[in-house]
Amino acid sequence: MLKSKLRYFLFHLIVGGFGILLLYPVIWLLISSFKVSEDIFVTVGSLIPSPFTFDNYTQGWEGFGGNSFGVFIKNTLIFVIFMLIGHLISCSLIAFGFARLKFFGRGFWFAIMIASLMLPYEVVMIPQYVIFSKLGWLNSLAPLVVPAYFGHPFFIFLLVQFIRTIPRELDEAAIIDGCSTFGVYRRIILPLITPALATTAIFTFYWTWDNLLGPVLYLNSPNKYTVSMALNMFLSNDSVSNWGAMFAMSIVTLIPVFGIFFLFQRYVVEGISTSGIKG
Amino acid sequence: MSSNINNEVVTPLNLGKRKNINNKIRDNLWGYFFIGPFIIGFLSFTIIPIIASLYFSFTSYDLFSEPRWIGLENYKKMFTDDPRYIHSLKITFIYVFGGVPLRLAFALIVAMLLNVASRAVGLYRTLYYLPSLIGGSVAVAIMWRNIFGDIGIINLAITGLGLDAVRWFGDPTAALWMLIFLSVWQFGSSMLIFLAGLKSIPKSLYEAASVDGANFVQKFIKITLPMLSPIILFNTIMQVISAFMTFVPAFIISKGTGGPLDGTLLYSLYLFKQAFEFFSMGYASAMAWVMLIIIAILTSIIFLTAKYWVHYESEGGR
């Protein structure tokens, strides 16, 4: 009895302690964002900001180049919304086609789609840049969001797997009742795959919010910057190193990431454990 | 899997045949209507760029003037006349083969620790997953840069243990390990996948082994590892590919330079610099192709060795 209690205690001590150790850097970042900039590295070891200040947040929020951090957040949200619409519509259509319809060349295109999962972005990066610059799309969101309207292999695969778990009898019953093929997609499948669509939406949000390479390549004027671009600028501009403001805005960009996770934890965890999506 | 739903119409035989052909055409039209977006997108954003990229790789191209054909010159330069490239390739390999095994080992150990019945497991799972969740962001790269600074908390802990402080930004090897640690820190997503795998191993196997007097290590080697091996295979491949393409942390932590002394000049970062800093689009395209070939070779090696260590239950072992 005593031994099992001791084991229980040790288990929680080790596992819990290790977890806190892992998150210590984030806690440190959070606390440092409330310290006076000059103090951050003087009192590195201390977890109590004294004096406690919000100045970093007000300073960081001012942004740069006449654009407040709110502008960057707004830009990122617009980016996210365009990506969400694109992925949800296109991936669900394509996944329905692959999972439910029988047509010539289905196996071939499915294999192509899986293979394209493995293709490094670097291979298409330069020609895409050339194409988009010839189209006059530089310094706009178009090169970043237009491809989203043609599906994303990861999410297509995730949705295909999900649709395959739905009994075909439902489709057949709907067809007997006079439903068209599109009707089956719209009225039967779409409502039933909402959990997988939620996973798609959440990861689309994460990947878009964190996307740095895309905005670095395609967005030049500060009034179009996304949050990750803005943070990158904070870092390159730090001649005198306003650490506090940079930390504060880092925390601001992490808040939605955490928030969505805690609201929709189930979909995130399921999405990873069933499909192997990298978080 | 694919029972044909539209063909089951009851009609007299000869009429049915014509109807069948019509149905087939209709099925195909519907099929291509639904996957059409994928095909169009694939052709315009993948196939055309792939062909263009292959062509650029044989040219000298600076984006502003027309590409000039130079044959295999770019590829030759990479391996004979660009020590920076060789260096970048070398440290990328260290990054991949130092980081991925460490990360997977961590993920497996923690998953096994958490594979117990306890109400707190859900909480711990979340705790351990959080670094993975935020790991790709610029904010975390900035954080990492600062905790490893000369007077950051990492050095504070190291000196606290009585060791000498490490100059993470002064020593190229230390800087590379700083990147590896960042990747290992994000073991959470692999852990979740392993945890799901562990839960699907039948308890009866362990019970039978216990009856036969197997100890923990024997159970781990004879049951856990073989049963998890397909998941380990999948994870290894995905992680190797994504580790090879790592860009954001190297870009942020070195402020885009790849320093100190090219210590963090990972492959993707060097490629990016060649393309968009030096405007050697042809050379960068050739680099991308070599990257693709390396990834293909690595993936095939892992797949080929898989038959020796991956256990598929449905095939009766092996």
Side-chain angles (χ1 to χ4, degrees), chain A residues 12 15-16 19 22-23 25-26 28-29 41 44-45 90 93-94 96-98 101-104 106 109 112-113 116 118-124 126-128 147 149-151 156 168 171-172 175 181 210 212-213 217 228 231-232 235-236 246 250 253-254 257 261 265 269 272-273 276 278-279, chain B residues 2-5 27-28 30-32 34-35 37-42 45-46 49-50 52-53 56 113 120 124 127-128 130-134 136-139 142-143 147 151-153 156 185 189 192-193 196 234 238 241-242 245 247-248 252 255 268 271 275 281 284-285 288-289 291-292 295:
Chain A
H12 287 286
V15 176
L22 274 182
L23 287 182
V26 185
W28 177 82
L29 183 75
F41 287 100
V44 178
S90 66
L93 280 170
I94 298 163
F96 175 79
F98 279 128
L101 303 178
K102 202 178 173 187
F103 53 90
F104 180 75
R106 181 177 70 170
W109 287 112
I112 291 276
M113 190 204 70
S116 69
M118 306 258 184
L119 187 78
Y121 175 64
E122 279 76 1
V123 175
V124 294
I126 292 165
Q128 276 191 2
Y149 287 77
F150 299 89
I156 297 172
R168 262 174 194 279
D171 303 25
E172 286 161 19
I175 286 173
T181 307
D210 284 347
L212 176 68
L213 185 53
L217 284 179
S228 54
L231 282 182
N232 179 36
L235 188 66
S236 1
M246 193 162 73
S250 296
T253 67
L254 290 178
V257 177
F261 178 72
Q265 197 174 351
V269 172
I272 294 160
S273 355
K278 196 183 151 292
Chain B
S2 51
S3 78
N4 204 332
I5 42 179
D27 283 355
N28 274 312
W30 273 120
Y32 280 93
F34 276 99
I35 71 156
F38 170 72
I39 296 176
I40 297 169
F42 180 73
F45 301 121
T46 307
I50 283 182
S53 156
F56 288 158
L113 264 177
Y124 291 140
L127 219 58
Y128 289 149
L130 287 180
S132 261
L133 180 76
I134 57 174
S137 63
V138 175
I142 288 177
M143 173 192 88
I147 64 170
I151 44 170
I153 52 175
L156 194 72
W185 183 63
S189 55
L192 285 184
I193 300 171
F234 173 77
M238 296 317 279
I241 294 176
S242 75
M245 304 191 297
F247 174 79
V248 172
I252 294 293
K255 288 195 186 180
S268 289
L271 195 159
M281 295 289 171
S285 297
W289 274 87
M291 180 186 203
L292 181 66
I295 289 179

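Below, all heavy atoms of this structure are taken into account, side chains as well, without hydrogens, waters or symmetry copies. All values reported here derive from a predicted model rather than from experimental measurement. Chain letters run A, B, ... following the sequence lines, proteins first, then strands; residues in each count from 1.
- For B:F38, the parts lying under 4.5 angstrom from a heavy atom of chain A are both the backbone and the side chain.
- Judged by distance alone, with hydrogens and angles left aside, the side-chain atoms of A:Y121 form no donor-acceptor pair with the main-chain N or O of B:M245 at under 3.5 Å.
- Between chain A and the residues B:Y32, B:F56, B:F247, the most heavy-atom pairs under 4.5 angstrom are made by B:Y32.
- Atoms CD1 and OG, on B:I134 and A:S250 in that order, are 10.5 Å from each other to the nearest 0.5 Å.
- For the pair B:N28 and A:F104, the tightest heavy-atom approach, listed with the atom from each and the gap, is OD1-N, 2.5 Å.
- Interface residue B:L113: backbone and side-chain heavy atoms are both found under 4.5 Å from chain A.
- Side-chain atoms of A:V26 and B:L130, non-hydrogen and from C-beta on, never get closer than 4.5 Å to each other.
- When all heavy atoms of B:A288 and A:V123 are compared, the closest pair comes out as O-CG2, 3.7 Å.
- A heavy-atom distance below 4.5 Å is found between the side chains of A:V15 and B:Y128.
- Minimum interatomic distance between A:P120 and B:I295 (heavy atoms only, all atoms of both residues): CG-CD1, 3.8 Å.
- In this structure, the portions of B:I252 lying under 4.5 Å from any heavy atom of chain A include both its backbone and its side chain.
- The part of A:S116 that comes within reach of chain B is its side chain, from C-beta onward, which places non-hydrogen atoms under 4.5 angstrom from that chain.
- Although no hydrogens or angles enter the test, the distance criterion places a donor-acceptor pair under 3.5 Å between the side chain of B:W185 and the main chain of A:L22.
- Under a 3.5 Å cut-off, the side chain of A:Y149 and the backbone N or O of B:P37 do not form any donor-acceptor pair.
- Of the residues considered (B:A275, B:G41, B:P131), B:G41 shows the highest number of contacts with chain A, using heavy-atom pairs under 4.5 Å.
- Only the side chain of A:L29 comes within contact range of chain B, with at least one heavy atom under 4.5 Å from a heavy atom of that chain.
- The choice from B:I147, B:I142, B:L156 that makes the most heavy-atom pairs within less than 4.5 Å of chain A is B:I142.
- Heavy atoms of B:I153 lying under 4.5 Å from chain A belong to its backbone as well as its side chain.
- Atom CH2 of B:W289 is separated from atom CD of A:E122 by 13.5 Å, given to the nearest 0.5 angstrom.
- Two residues are said to be in side-chain contact when any heavy atoms from C-beta on lie closer than 4.5 Å; B:D27 and A:L101 fail this criterion.
- For a residue to count as touching a neighbouring chain, one of its non-hydrogen atoms must lie under 4.5 Å from one of that chain's; by this rule B:F45 touches chain A with backbone and side chain alike.
- Taken to the nearest 0.5 Å, the CZ atom of A:F150 stands 11.0 Å off from the OG1 atom of B:T46.
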Worksheet entry | Working for side chain to side chain contact (heavy atoms under 4.5 Å, CB included), residues A:L213 and B:V248 | CA-CA 7 Å; A:L213 185 53; B:V248 172; 5.8 Å; no

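- Looking at every heavy atom in both residues, B:I35 comes nearest to A:I94 through CG2-O, 3.7 Å.
- With chain B as partner, the option from A:F96, A:F103, A:F98 having the largest number of non-hydrogen pairs under 4.5 angstrom is A:F103.
- Looking at A:L254, the atoms closer than 4.5 Å to chain B (heavy atoms on both sides) all sit in the side chain, from C-beta outward.
- For the residue pair B:L127 and A:G16, the shortest heavy atom distance occurs at CD2-O, 4.5 Å.
- Using cut-offs of 30° and 60° on the angle between ring planes, the pair B:F42 and A:W109 is perpendicular.
- Side-chain N or O atoms of A:S228 include none that pairs as donor or acceptor with a backbone N or O of B:V138 at under 3.5 Å.
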